[in-house]
Every structure is written in C-alpha cells, then in structure tokens.
Amino acid sequence: MSLPARVTLEAAWILHRRPYRDSSEIIDLVTLGHGRISAVSRGSRSRRPKVPLEPFQPIHASWVGRGELVTLTGAEPRGPGLRVTGRRLLSMFYVNELLLRLTVKQDHQPDVFRLYENTIKGVASAPQEAVWLRNFESALLDALGYGLSLETDTDGCAVQADAYYRYYLEEGPQRVEDHGHGALTVSGGTLLAIKSGSYDNPEQLSQARHLLTAAMDLYLGGRPLKTRQVLNEMRSRSSRPRVLAK
Amino acid sequence: MAFHLLERDRNGAGELARAMSDAMDSVGHCERCRMLTESLLCPICESGSRDPSLLCVVETPADVVAVENSAGYSGRYFVLTGHLSPLDGIGPEELGLDQLEKLLDEEPIEEVIVATNPTVEGEATAHYVGELCRSRGLRASRIAHGVPVGGELEFVDGGTLSHALAGRQLMEPD
C-alpha cells in the first residue's frame, strides 16, 4: 500500500528513536491508519518540541513523504502520557521491540495498534504484568497470521484441560501420556489459558511463556531480542552473590 | 570553518590540529568515576575536599561539567557514559555498572543522587541504579523534574507540568 504524501494528526505511539546527524532523530512509530512507519524528525534534539518525542506518550503525528523514511512535520499530545518508572518500563521496551521486529512497515493493521495501546497501558499500571505480556504475545501472533493452535490437537480432538501435550510449532499440540520431560510439553490447561487470556496459576504462566517464546523465536529469524538479553543480564546480576557485603 | 582556517589562519589551524591530536593521545577515562581526564584519576576524585559520602550518578562527562558549574554540589561523581537502552542492546555491562557496584561496596558512600536525564531510558537507568543502592542499604535519591526557573507555567509542556505537580513540596513556614 503506498502512503499518501501528507498525513495530518494521525494517532500514534513512538516505539524507538535514535540520533541522526547533528540535531535530528529517526523515530519509529506505530500509527492507527498507516501501520508502522519510520520518520526523520529534523532538529528535534536541539530544540525542545512541544510534546516530548518519547516512547509511551500518546501523540497525534503529522508527516510528509512516501517510502521507507518519511519526514515528521509535527506532533501534538493525545491525552496524558503514561507515567511509568522502574521494572515495568523494561517490560514495555520489550513490547516495543516485539512490535518493531515482528511487524512489517506500512502494513495497515488498526487491530495491532489497539492491541499495542491496550497492552502498554495495562503493563504500565494494572496488576499482573506477566499476564498482559503473554496476552500481547499471543494476540500479536494471531494478528500476524502466526497464531498458535490452542483448542484442537493434531488428531483433531478438543484440547482437554487435564491432559498433556507436546507442542509442535507449525503443526499444533499432540497429546502425550508421559509429561515428565521435553522442552515444549504443556498442559491442556495452559493452552486453554493462552486462548482465554486468563491464567489460573503461576505454572500455567511459566509454561505459556516458554511456548510463546519458542513460537516468536521461530518468526524472529534467528536474531535474538536485545531487550530479552539485557533483561536476562540484569536478572543474573541481581541474583549474583556479592563478594563484599557492606 | 575549513575555508577560514585554510585561507586566513594556517597557524591557528596547526595549533588546533596539535591540540586535537594531543587530546586523542592523552585524554582517557578516570579509573574511579569514568570522567574524561589526562591522568589516572580526575581532579575531582583526587581532591581531598569533596564529601566522600555523596555520589552523583550522571550519564555523560558533559553532565559532570554542568553540575559542577552551577549546582554547588560538593560530593563525587560516577559517569555512566550513556543510559540503559534495551532496544539498542545497551545493558548494565556497557554502562560500567560493575565499577559502580565496586564503588558502592568499597567507599564510605551514604547517599547516591541519580541525575540521569528525564527520558524513559534515563528513568529505566535510574531505577536500576536505585536497586543497586537499595540492595546495599544505601539511600538513593532522584533529581527533581519540573518547571524551569524563570519560566511560565503556560508555556510548559504537559509531561513536565505533571511531573512538577507530582513532585510538589510542602511550603514550610520560615
């Protein structure tokens, strides 16, 4: 789909920005009507714009141009920004990276925009951050056409909550009797929880995380997520015993 | 600038070139705080008159100069040379946080002032530095964000204004 040359006040969120030349930035945005775009924002590092060009601030963005890189001509606030500090910010960076890596530029998907908006608002303030993340991963895979088969096993039978399944990523769950080992063995309850988005216990959440991570890795093309690496490094540091106690 | 130097000030150009070359050869990072310096320790770390119980954590060497020039701060510094930026793969290792942890463990620090920028990446960095302090029972504080001195509320953006309101202070009687 080719973009119109001028777009005015389109609902958007900034996903990432990086410095470009002396005083400009290249900004990745997800927009309601035009999918994900990259835009140059000229001079925005040297003069302070009216609305901070930062992730997690809802904005109306205006731009001109067609093709891979458009030129941002303005940004207006669209409601109050999310005031987030701490650990939840890191989860929100992870959501941003998933969207950047898994969606294609200029692919008009209003559902993905709404999913993103709901998710970061949920992760920013609601309890059960992990549930929001799993629901985002599952819904994003669905929206991109990579959705997991969660209700029917490979034999065509309905998934039973109390049975165990070995999950084959591009085929679906196969019922197994022995659930002791195997990387992607999950309970039927977990599969149904991913489908419904409500989890009964931490065990289900943990199994869902493994399954969804494996599914996303398949579509990430072998390049690991940087946010996941940084998060793992931070986790391993915080659990590391300190040599010198003060 | 290139034309001016080549046509009118060749001596100046020579001096500039030498100064840059000297700087490239001799300026490195302070072993303790990672500030730019020509010796092993920067003048601030070497000075005996700084308060050893206060540590200010900033993102860049330019931030050290900014705080030094204006804020009347008497403690020491630690320069991260950046901020946590998970999407760019910049994590604790790139920011020298091992070195910061060593300082926290070995020096008589009582309070850490986290003066990273008020951006989302700066906040994420501040949170992480705060955790490092808390796990050692040290006091961590974050610099205030708000309306610029001499500014007018009408022209302040919504984000800054909401920070300023959230960080309001009681008016104490004299």
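Residue numbers start from 1 in every chain, and the chains themselves are labelled A, B, ... in the order their sequence lines are given, proteins ahead of strands.
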Heavy-atom pairs under 4.5 Å with chain A, option from B:Leu84, B:Leu97, B:Thr119 with the top count
B:Thr119

May I ask you to decide whether A:Glu25 forms a salt bridge with A:Arg42, counting only side-chain N to carboxylate O separations under 4.0 Å?
no

In terms of heavy-atom proximity below 4.5 Å to chain B, should A:Arg228 be classed as side chain, backbone, both, or neither?
neither

Flag for B:Arg142-B:Thr116: side-chain donor and acceptor within less than 3.5 Å:
yes

The interface call for A:Glu54 against chain B, heavy-atom contacts under 4.5 Å, is side chain

Taking side chain as everything from C-beta outward and backbone as N, CA, C, O, which of these in A:Phe56 sits under 4.5 Å from a heavy atom of chain B? Side chain, backbone, both or neither.
side chain

Should B:Glu15 and B:Arg18 count as an ion pair when the cut-off is N to O under 4.0 Å?
no

Is a salt bridge present between B:Arg136 and B:Glu106, judged by a nitrogen-to-oxygen distance below 4.0 Å?
no

Salt bridge A:Asp28-A:Lys105, side-chain N to carboxylate O under 4.0 Å
no

Could you verify whether a donor N or O on one side chain and an acceptor N or O on the other, from A:Thr103 and A:Gln109, lie under 3.5 Å apart?
no

Heavy-atom distance under 4.5 Å to chain A: side chain of B:Thr160, backbone, both or neither?
side chain

Does any heavy atom of chain B fall under 4.5 Å from the side chain of A:Leu15, the backbone, both, or neither of them?
backbone

In Å, rounded to the nearest 0.5 Å, how long is the span from CD of B:Glu111 to OG of B:Ser53?
8.0 Å

Could you tell me which portion of A:Pro77 (side chain, backbone, both or neither) has an atom closer than 4.5 angstrom to a non-hydrogen atom of chain B?
neither

Which region of B:Leu132, side chain (C-beta onward) or backbone (N, CA, C, O), has a non-hydrogen atom less than 4.5 Å from a non-hydrogen atom of chain A, or is it both or neither?
neither

So which part of B:Glu121 gets closer than 4.5 Å to some heavy atom of chain A, the side chain, the backbone, both or neither?
both

Using a 4.5 angstrom heavy-atom cutoff, name the option from B:Ile90, B:Val156, B:Val120 with the most pairs to chain A.
B:Val120

